Structure formats: C-alpha cells, structure tokens
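Data first, discussion second: the structure below is written as structure tokens.
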4 protein chains.
Amino acid sequence: MSSTGRQRRRGDTRQRIQDVALELFAEQGYEKTSLREIAERLEVTKAALYYHFKTKEDILTSIFDDLTRPIDELIVWGGEQPRTLETKRAILTRYSEILTEAAPLFRFMQENQATMRDLKTGESFKDRMLQLLEILNHDDPSTPMTAQVRCFSALFTMHGGMFVLKGADGDPEEKRKAILEVAIDLVTQAHNGV
Amino acid sequence: MSSTGRQRRRGDTRQRIQDVALELFAEQGYEKTSLREIAERLEVTKAALYYHFKTKEDILTSIFDDLTRPIDELIVWGGEQPRTLETKRAILTRYSEILTEAAPLFRFMQENQATMRDLKTGESFKDRMLQLLEILNHDDPSTPMTAQVRCFSALFTMHGGMFVLKGADGDPEEKRKAILEVAIDLVTQAHNGV
Amino acid sequence: MSSTGRQRRRGDTRQRIQDVALELFAEQGYEKTSLREIAERLEVTKAALYYHFKTKEDILTSIFDDLTRPIDELIVWGGEQPRTLETKRAILTRYSEILTEAAPLFRFMQENQATMRDLKTGESFKDRMLQLLEILNHDDPSTPMTAQVRCFSALFTMHGGMFVLKGADGDPEEKRKAILEVAIDLVTQAHNGV
Amino acid sequence: MSSTGRQRRRGDTRQRIQDVALELFAEQGYEKTSLREIAERLEVTKAALYYHFKTKEDILTSIFDDLTRPIDELIVWGGEQPRTLETKRAILTRYSEILTEAAPLFRFMQENQATMRDLKTGESFKDRMLQLLEILNHDDPSTPMTAQVRCFSALFTMHGGMFVLKGADGDPEEKRKAILEVAIDLVTQAHNGV
DNA sequence: CATGAATGAGTCTTCATTCAT
DNA sequence: CATGAATGAAGACTCATTCAT
C-alpha cells in the first residue's frame, strides 16, 4: 500500500512477475501454481499478467530464455575448443557455476520433467543437454557404453545436486565442489576410455 | 465388445484401474491425468473409480504400496548384512532389477518429483532412498564428502537411466548393465574412501 | 425449490437445457448468451450443462440436429418427385409449416448469421438451403438469372417472415399465408421461365 | 515500415479505424471482433482507439452515421415525390446502388441482426427501413396483405443479395441487375394491388 | 458393483475500458 | 496524438468428489 512501494515498482513489473513465478513454480510445481496465486503475491490482477505475457507457458518460457543463455554460450564455446580433457573439465566447472547461479530454475526442471516434456521450451532444453553430452562424449561408436553412461551420469549428478543441496547439513559451497569433483572424475574416466 | 472381454474383467477392476492409472500418470504426469481420462480408457464411469479408491491420491498410493515392497525388503535385507563391498554390490544389483521391473513407476517418480513432494507417499519414498544411501554410505563423519556424493550419484544415475533408456539406440539390457557397472564403480570408490 | 418441481425434472434435464438455450439464443444472440445465464435459469450449475453437452457449440448443434430433421426429409422427398410446379408448391407449403413450427430456431439463424458462419452446423445448414434451391430451380444453365433470383427470394422471404411476424399487427396465421402465397407466386414465375 | 507510410497516416487515423473496424466486423461479426484486433491491424494501441471514439459501440455508430446518410436522403426525397410507380422504381434503383456502394456495411447488418437489435443504431436503422416500406406501400388499410408482403420481400431480397453475391459464379453486376429487376417486379405487382 | 446426475471450486484466458504521462 | 500499464468483470471449460439408486 505504501506509495513508495508502488512507485518503486513502476516499470519492473515484468521482471517481478518472472521472479515470483519462478519462485512459485519451483516451490509447488508448474501445474499447481495458478496465475491467481502469482498475481496475488504481486498485488496485481490476473489481467495484469496478461498484459506482460501472452500465456502461462509464456511466462515460463521467458524465464528460460533469460536463464539458459549462459548454457548456449557454453555450448558454443565448447564446440570451438579441442576435445581435450582440459576442455571438458572447464565445461563442467562452468556448468557447475551456471547451475548454482540459476539454482531455482534447475530445481524446477528437475522436479517438473513431466511438465517440461510437453512444453516447447522443454524440448529445446533437452536438445541442449544432448549437445553438451556430445561434446563431453565424442560421438565415436567405438566408445564403450560405460563411458557414455559416465558422461551422462556426470551431468545428471550435477543436476541432482540441486535437490540434495537443499538437504540441510554441510556447507553448500563445499558440497558443490564435491559434486563437481565427482563429475570431473567421471568424465575423466570416460575420456580415458573406461 | 466381446462378452468374454467383459466377463474376464469381473473382479479385477481394481487391478485394471491401477494399471491404466500408472500408464497415464507416467505418460502425462499426475496432475495432467484426470480421473475422467482413466475412467474412459477403462470404459467405466468415474464413480466406479470411487467405488474402488477413496481419492485420486489413493490410487497412486496403492500403486506405490504394491510396487515398492521389494525395496522395503531390500532395505531390511541390506540392514542385516555386514557392510562389505560385496553387500553393496548386491544391493545395487538387486535395485537395478527392481527398477527395471517397475520401470513405469520409477519413470513416473523421476518426472513428477514436484508432485511427489506433497504426497504422503512421496515423503515415505524419499525416506527409503535415504535409508538405502545410509547403507551404501556408512554414517561415518570421517567419510569424505566426495564419497557421499558418489553413493548418491550411483543411485541417482540408476534412476536417471529410466529416462535415457527410452532414448532409442542400443540394446536396453546392455544399457542397463553399463549403468549398473558405473554405479557399482562409484560405490566401490566411495567404499575405498575416495 | 418445491420437491415436486425437482422430481418432475429428473431425467429431462437435457431437454430442458436445449429449450432454455434456444430461448435465450434467439432472444439475445448466441455470443451474448452465457452458459451461466442458461444454468441460472435452470437452477443448476454450469458444470451440470457440461455433464450433458461437451461444449456450448454442442448445445446449439444438438438443437439443430433435432429441429432440422424435417428439412432433411423434405429435401429427400423433394428430390424424388418430378420437378413439376405442383411439387414446388408442395415444398414451399411444407417448408412454411416447418418454419412456423420451429420458429425460434429460424429466427435465431436469421439473426445470427455471422455466428452460424463459423459453426460446422451453420455450414451444413447452408448446404441444405442450396439443395432446396436446386430443387426449386432446376440446374439448367439456360434458366434466366432472374428466375434464379426469384427462387432465392422466395426462400429468403419466408425466412424473413419470422422477423416480421413478430411485428405486432395482423393475425399471424393470415400473415403466414400471405407470405406463402407470395413465395409460391415467385416460384411459379420462375418455373414459367420469367 | 517506410516513414512515408507513417507520414501519410497522420490525421486520418479516425477514418482508418472505421475502415478496419468495418472490415473486421463484417468478416467476423461485431462481438467476435475485439478492439485489440482492430488496434493490432492498425499498428496502434487500444488506447489510441479511445482517443478517437468513446466506446466500441461508438465506432460502429459512427460508421453507420456516415454510410446511411444516403438512405436518409433517399427517404426524404421519396417522401416528397408523388407515390407513383415511377417513384417507387426510382427508389429501388437508387437503393440498389446505395447497397452496392456500402456493401460491407449491409453485409454486416444482414449477418449481425441479433447484435443490431440492442444497439441504438440498430433501432434507428430499422425505423428507416419501415419508412422506406411505407413509401413503397402506401399505408392504405385496404391494401391486401400480399401486397405488403411483396414490398417487404423486395427490400429483403435486395439485402439478401449481398449474401448471395459473394457466392461465386456469375458477373456481380449482372446479378445486381437481376435482383433489382425482381424487386421492381414485386413492387409493381404490389402497386397494382396484387 | 457400478452408474447417472450433479456440484463447488477453480483453471486459463479475453474483453472493454481507464488514466497518468 | 498516443502509449504503457493496469483493472474488474466475465467467459468457457475442467476437475475431484458425492450420493441416491
């Protein structure tokens, strides 16, 4: 109600919608979060949401567009590097940072895979994952299947970290490093043909 | 249409509801599957579902009760064994089989974590996972964090396999073995304090 | 509220929905009639309407299916007769009766052509009209254009009658006969090649 | 995109709104055309529409005011002439031209009668029609009812022409003449007391 | 063992309209 | 002359659930 609050808010409504939406989507899931809820928490009407976004899905998509850009850049960068172990290590390290920075988004994805599956955005995210896998994994048919599994496991473990990181005990940063270390280990073994 | 079809169905309606429900839940997600849909596919009325189950959640719960019993048994068995590497290897092997047999259920869980979170059933499943982790992981505070991560990664990778197993190429059974091998590897390293 | 009222209503809800819907559609137009309104007038909930009909359009369609059957029969009958003036006269006469019996429906159509245009039902009704025209009109390319216009005019005038019949003065039955007479006159002239 | 395009548009926005609105109203119906749609097609904002017109209905009304003036003039002129057949013929002829020139408007009216009914504009248009009818029809109580019907039919047929004129085959101008001829015929018969 | 009929609460979405700038 | 931002009311539709029969 404070006019200062109202004043401050001018012009950043779009951003605020995205923030609140992501928060709620991550907390309760996409389907179980209603636009009414988002609107209420923002103290605007549902119709205001529709001024800024065409559909509910559009809100989600816009969040992804912003937050997954770093991944796209990483993929491009990775594609240009020589496929050395060093490169892979760097990719995982950067990926770990990206994951941490956009943690709620990745937690959301982790927990709403069923929803993601029939969103256009979900499909395109899956594509990105596959591209990352390819870079880590060389598409060499002689690569043993276990090596492929290790690469996939590395990525998957990092994602899963989000889920476990919320489980209380232990310093989050320390955890993150442990996860990264294991992931690098896995990819290293794969790189060495194991 | 054949009266034999109808005849055969007598009495096993409860089971049929569970089967169809799991199929649809796994395919489309829990929230996006309506009771109307389930009823239609079974060619009964929605009210009939309520004759067999008290609520929608109850259907899901009943499916879990049936399909997660093997895990409970595994946990009990695991708890009684000496915590040797051999035991852990056996646990992972049996777990892999359980996962394969009840693949749709685990695919469902994997993709509907947000939903699981606020179902009683979900909570209790998570507990089971933690118990499994404990067995793999000794609760020794001197265990390095990376070892804990490796154990978690092993379990998580096996679950994730469901997701990747659907991706076409390669013999599923071969894939399953590769995943199991990597998981055992991870736990072995953890067991050795890495 | 009277339990008699409720009792009586059992089982005929579907019919009652159609009746009230047609009444309101004719009175206010299709778009301007909301399901809430229909439900309220029936003292049931909106959801009840959806138990009996899949969509709003479905309600309208079902009304048409019932009320336009006589026209289909007329077309079939007309198609089997020799294309004499006598036949045409009979068609117009029967058509006039059909129009009178289902007056609200035809009034609705007359006044909601824009709506009809993008309903499947509308399209199929238009087809029926064209078939009637063909019967009245022989598809002979040598027929002068004015003759074609006269046939169309005959049909159109009868439809328009609905609109004018509501205008107060004069006995409705007398009006109807006058309209029919003019229509027959028009078709007669057309039949004679004028 | 060209700044010339923008430049040219200066000042005639009001007119452009009317044009686009009529186009869309005729194409989709009044209720199914939203101000958003109109604004989008004009590449202005909805608020801009409100700068030029007070309400949605106001847009429609303004279109009518412009396009029905010729009818008013025709009525005035007709009222001053002697009620000879010659006059009536002239009225129909001019009316046919008016109809052709403002075809989209009349098509709109034809197809949106339900909407017209509760617009002030609609009422006043109906009045005009009745005035025209009176002129064609003398208000003589001894006039047989069929004569009245014929006059009404003449007018109605001309309106209906719009609807049929869109149906492809045949030269539109030729059709128009045929329709006019039939209309004159009808009024002639009425004039002769038939 | 099951259905037919219905409900209440809620979903996403669209609309005409307003007003400060 | 026009826009950006928002609102209140309403719309069609869906869902889990209930209960008399």
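Throughout, a chain's letter reflects where its sequence line sits, starting with A, and its residues are numbered from 1. Given the structure is predicted, the values throughout are model-derived calculations rather than measurements.
The ring pair (Phe, Tyr, Trp, His ring centres under 6.0 Å) pairs that include a residue from residues 28-60 of chain C are C:Phe25-C:Tyr30, where partners are two or more places apart or lie in different chains.
Looking at B:Lys56, its side chain does come within 3.5 Å of a backbone N or O of B:Thr33 through a donor-acceptor pair. When atom types are taken as modelled, the side chain of B:Arg117 and the backbone of A:Glu27 share a donor-acceptor pair closer than 3.5 angstrom.
The listed nucleotides are F:dC13, E:dT3, F:dT17; the one nearest the side chain of C:Leu35 is F:dC13. Distance from the side chain of C:Ala47 is smallest to F:dT14 among E:dC12, F:dT14, F:dT3.
Here E:dA2 sits opposite F:dT21 as a Watson-Crick or G-U wobble pair (both hydrogen-bonding atom distances under 3.5 Å). E:dA16 is paired with F:dT7 under the criterion used here, namely a Watson-Crick or G-U wobble arrangement in which both key atom distances are under 3.5 Å. Look at F:dT14: its Watson-Crick or wobble partner, with both distances under 3.5 angstrom, is E:dA9.
For F:dA2, one of the phosphate oxygens OP1 or OP2 lies less than 4.0 angstrom from a side-chain nitrogen or oxygen of D:Thr13. Between D:Tyr50 and E:dT17, a side-chain N or O to OP1/OP2 separation shorter than 4.0 Å is present. For E:dA2, one of the phosphate oxygens OP1 or OP2 lies less than 4.0 angstrom from a side-chain nitrogen or oxygen of B:His52. For E:dC12, the OP1/OP2 oxygens have no side-chain nitrogen or oxygen of A:Arg36 closer than 4.0 Å. Residue D:Ser34 places at least one side-chain N or O under 4.0 Å from the OP1 or OP2 atom of E:dC15.
Using a 4.0 Å cut-off between charged nitrogen and carboxylate oxygen, C:Glu37 and C:Arg41 do not count as a salt-bridge pair. A salt bridge does not link C:Lys46 with C:Glu40: every distance from a Lys NZ or Arg NE/NH1/NH2 to an Asp or Glu carboxylate oxygen is 4.0 Å or more.
With DNA chain F read from its 5' end, the first of the two nearest nucleotides for A:Thr45 and C:Glu37 is the one closest to A:Thr45. When each of A:Lys56 and C:Ala48 is assigned the nucleotide of DNA chain E bearing its nearest heavy atom, the one mapping closer to the 5' terminus is C:Ala48. Comparing C:Thr55 and B:Lys46 against DNA chain F, the residue whose closest nucleotide sits nearer the 5' end is C:Thr55.
Distance D:Lys32 NZ to E:dT13 P: 22 Å, rounded to the nearest Å. Look at OH on C:Tyr51: it is 18 Å from P on F:dT18, rounded to the nearest Å. Nucleotide E:dA5 holds its C1' atom 14 Å from the CZ atom of C:Phe53, rounded to whole Å. Spacing between atom CG of C:Leu49 and atom C1' of E:dG8 amounts to 14 Å, rounded to whole angstrom units. C:Gln15 places its CD atom 19 Å from the P atom of E:dG4, with the value rounded to the nearest Å. The interatomic distance linking A:Glu43 (CD) with F:dA6 (P) rounds to 13 Å, in whole Å. Taking atom CD of residue A:Glu40 and atom P of nucleotide F:dG8, one finds them 13 Å apart after rounding to whole Å. Here F:dT14 presents its C1' atom at 14 Å from CD of A:Glu31, a figure rounded to the nearest Å.
Here the side chains of C:Thr61 and C:Thr55 are not in contact, with every heavy-atom distance at 4.5 Å or above.
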